[in-house]
Every structure is written in C-alpha cells, then in structure tokens.
Amino acid sequence: YNLIGKRGTIAANDSGQLVLSASLDGLAAGLLTWQNQALSVLTTAATPGVIPGSVLYDFDNPSIDSHGNVLALSSTVGSGTNISLVNPNGLQVVVSANTAADAVLDVGVSSTTRYSLSDTGDIVLRGGFHYPGATTNYQGILRYSQRFGMTLEASSKDPLPGLNGTVSFDDQYGVDLNGLLYFSANAGGGRAVYQKASNVDPVKVLAVGDAVNGSVVTQLPQLVLSAGGDLVVSGVLASGAQFLARYAGGDIADPPVLLVTPNGYINQLYAANTKGGIVLLGDMGSGY
C-alpha cells in the first residue's frame with residue numbers, strides 16, 4: 001500500500017522510535033513505527049475486537065513508552081471506541097468501551113494523548129461516565145493499571161483547588177514515566193495545571209492569576225512531558241510576554257526554570273527531552 005497523509009499526532013521516545021497513525025491507500029488504516037531509517041507496520045485495520053463480530057477499523061493519538069509499547073485510540077465497528085496496546089507480539093484491547101471504574105460506571109473513552117502511556121504500565125484517558133444510582137453524565141480524567149484496574153482521578157462533579165465553578169477538561173494531560181499524572185482544567189473563566197499521584201488529591205502547579213516573572217498569568221494553553229519526568233508549561237503574561245516554565249523531575253515545590261520571550265510568540269509546543277531541550281513552533285526572538 002502507498003501511505004496517504006492523515007491528520008493526527010505522532011509520538012516518539014528517547015530511543016529514537018517514532019509511531020504514527022497512517023492511511024494505507026485510503027483503503028485501510030494502520031499504526032507504523034520508524035527507527036533507524038526504516039518504516040515498519042505495527043498493526044492494521046480489520047483486527048478483531050473484544051466483542052465477537054466487532055472489528056477495529058482505525059487508530060489515532062498514539063503514545064509510546066521507552067520499551068516500544070504503543071498505545072492508541074482504536075475505533076471499532078460494533079463496540080464503540082476502545083484503547084489498544086500494541087507491540088511486536090500483537091494487539092491487546094486494554095480499555096473497552098463502556099467499562100466500569102472504581103467509583104463510576106459506563107466510562108466512554110473520549111481521548112488519549114501522546115503522553116497516555118507510562119513505563120509503569122499506567123494508562124490515562126479522558127472520558128465520560130455517570131455515578132452509581134444516577135443518570136447525570138460527567139467527564140473526567142481516569143487512570144488504568146493492571147494492578148488496580150480503572151480509577152477516577154478527577155471529575156467535573158468535584159471542585160479543584162484554585163478554580164471556582166464547574167470544572168471541564170481538555171486534551172492537555174498525560175502521565176510521566178514514573179506514573180505522575182498531569183492535567184489542565186477550566187472553570188469559571190479560570191484555568192490551572194495540576195499534578196496528581198495515585199491515591200493523592202490533585203495539587204495545583206500553576207494557574208491563571210498566579211504571578212510569574214513579575215507579571216500575572218493570563219493563559220496556560222499547553223503542557224508537554226519529558227521521558228525523565230520534566231513538566232513544561234507554556235503561558236502568556238499580562239505584560240504581553242510569553243513563557244515556558246520547566247519543572248525538572250516533577251518538582252513543583254521549587255520555582256520552575258523560566259524561558260521568557262517578551263517580543264516573541266509560541267505557536268505550538270511539541271516536546272521536551274531529558275537534557276532540557278524543548279521543541280516548539282514560533283518566534284523566540286530571531287524569527288518565526
């Protein structure tokens with residue numbers, strides 16, 4: 001098959017392995033890996049799903065750990081959206097549609113991200129659900145592990161420190177290789193980034209209205225994670241400057257390392273590595 005361009009994310013690890021979702025001549029979809037100048041097919045559409053008669057027909061939003069295991073959102077004929085784990089040994093559906101968690105029921109998978117898979121085997125996702133004995137639907141961030149199953153980490157039903165009003169979530173979230181969860185949340189015109197370990201309440205990292213570099217934060221659009229556990233957050237200040245704040249090793253108790261661009265523009269934040277490097281699209285002062 002010939003590869004045809006497909007809109008979607010790519011993911012890479014520090015071993016130089018890259019994974020992408022691809023269209024094969026427009027007739028099928030697949031997950032492909034690239035390493036050492038070689039492109040390989042990891043899996044393709046028509047893989048049987050969990051429910052008899054169901055078929056996986058598309059793969060999106062891949063993430064990859066340091067061992068080369070790949071996680072992807074898998075669209076399925078006959079059973080909704082699942083999450084699959086793929087490696088050279090084959091494909092396994094690890095999170096089925098409408099599964100139950102520790103505190104909620106009928107979890108519908110809404111999204112995964114480039115940072116949804118940890119070396120610990122933890123998987124994080126955004127999904128919709130309802131509580132037992134109720135029909136009201138909520139959304140939130142959930143974690144799946146082989147040891148504990150599916151657990152609810154943050155819910156739009158519950159308040160978060162630093163925010164007032166009904167909470168909502170977007171796709172700025174992920175888990176680092178040590179199992180620490182990071183996510184962004186919105187409420188009442190505010191926005192904040194949080195860190196959360198298993199079985200611990202979320203801790204605010206940075207919020208709109210906080211002071212950075214002598215000015216007030218007005219926007220917090222993106223976050224990325226490095227393989228070593230660094231968190232990098234992009235933001236805008238009331239002064240008009242834009243900034244990147246790096247929390248090395250997930251240390252949110254100490255002030256972050258700041259990169260402030262008074263006259264530049266950060267359009268898109270892509271990645272961070274273990275040596276302090278950041279990949280972005282924008283103008284850091286020397287041109288776009």
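Note that the coordinates shown come from a computational prediction; the quantities given were computed from them, not determined experimentally. What you see below is based on every heavy atom in this structure, not just the backbone, and it leaves out hydrogens, waters and symmetry mates.
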Any luck finding a side-chain donor-acceptor pair between T99 and Y144 under 3.5 Å?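 T99 vs Y144: no donor-acceptor pair found between side chains.
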To the nearest 0.5 Å, how far apart are [atom1] in [X] and [atom2] in [Y]?
X    : Y    : atom1 : atom2 : answer
D176 : L225 : CG    : CG    : 6.5 Å
L71  : N87  : CG    : CG    : 11.5 Å
F243 : S215 : CZ    : OG    : 9.5 Å
F183 : L160 : CZ    : CG    : 5.0 Å
L223 : D171 : CG    : CG    : 10.5 Å
H67  : S15  : NE2   : OG    : 9.0 Å

Determine whether a donor-acceptor pair (N or O, by modelled atom type, separation under 3.5 Å) exists between the side chain of [X] and the backbone of [Y].
X    : Y    : answer
S234 : L244 : no
T113 : Y173 : yes
D58  : S75  : no
T218 : V236 : yes
D158 : S155 : no
S118 : D122 : no
D230 : G249 : yes
N273 : K275 : yes
R246 : G276 : yes

Nearest heavy-atom neighbours spanning [X] and [Y]:
X    : Y    : answer
S184 : D170 : CB-OD1, 4.0 Å
G26  : I4   : N-CD1, 3.3 Å
I252 : K204 : CD1-O, 4.5 Å
K196 : D201 : CG-C, 4.3 Å
Q17  : G68  : OE1-CA, 3.5 Å
G165 : A187 : O-CB, 3.8 Å

Test T44 against Y1 for side-chain hydrogen bond (donor to acceptor under 3.5 Å, both in side chains), laying out the working first. CA-CA 11 Å; T44 59; Y1 293 99; over 6 Å; no
Out of curiosity, does [Y] fall in the hydrophobic cluster containing [X] (side-chain heavy atoms, cut-off under 4.5 Å, transitive links)?
X    : Y    : result
V224 : Y182 : yes
F129 : F169 : no
L125 : L85  : yes
V95  : V104 : yes
Y138 : I141 : no

Check step by step if side-chain contact (heavy atoms from CB on, under 4.5 Å) holds for Q242 and Q219. CA-CA 9 Å; Q242 296 200 21; Q219 297 179 46; over 6 Å; no
Any [X] side-chain heavy atom under 4.5 Å of [Y] side chain:
X    : Y    : answer
L163 : Y194 : yes
S21  : L31  : yes
L231 : Q195 : no
Y247 : L206 : yes
L24  : L3   : yes
K6   : L20  : no
L269 : I278 : yes
D102 : L152 : yes

Just one of V70, L42, T43 clears the side-chain contact (heavy atoms from CB on, under 4.5 Å) bar with L91, so which one?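 The option that passes is T43.
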Hey, mind stepping through S198 and F148 against side-chain contact (heavy atoms from CB on, under 4.5 Å) and telling me if it holds? CA-CA 10 Å; S198 295; F148 298 108; over 6 Å; no
Is it the case that atom CG in D25 sees more than 12 heavy atoms from other parts of the structure closer than 6.0 Å?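 Correct, the count exceeds 12.
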Might you confirm whether atom CG of N164 has over 12 heavy atoms from other residues, nucleotides or ligands at distances under 6.0 Å?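 Not more than 12 within 6.0 Å, no.
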Should L259 and M284 be marked as a side-chain contact (heavy atoms from CB on, under 4.5 Å) after you check the CA-CA gap, both sets of side-chain angles, and the distance that decides it? CA-CA 10 Å; L259 175 62; M284 301 304 291; 3.5 Å; yes
List the steps, then state whether side-chain contact (heavy atoms from CB on, under 4.5 Å) holds for L56 with S84. CA-CA 10 Å; L56 279 63; S84 298; 3.5 Å; yes
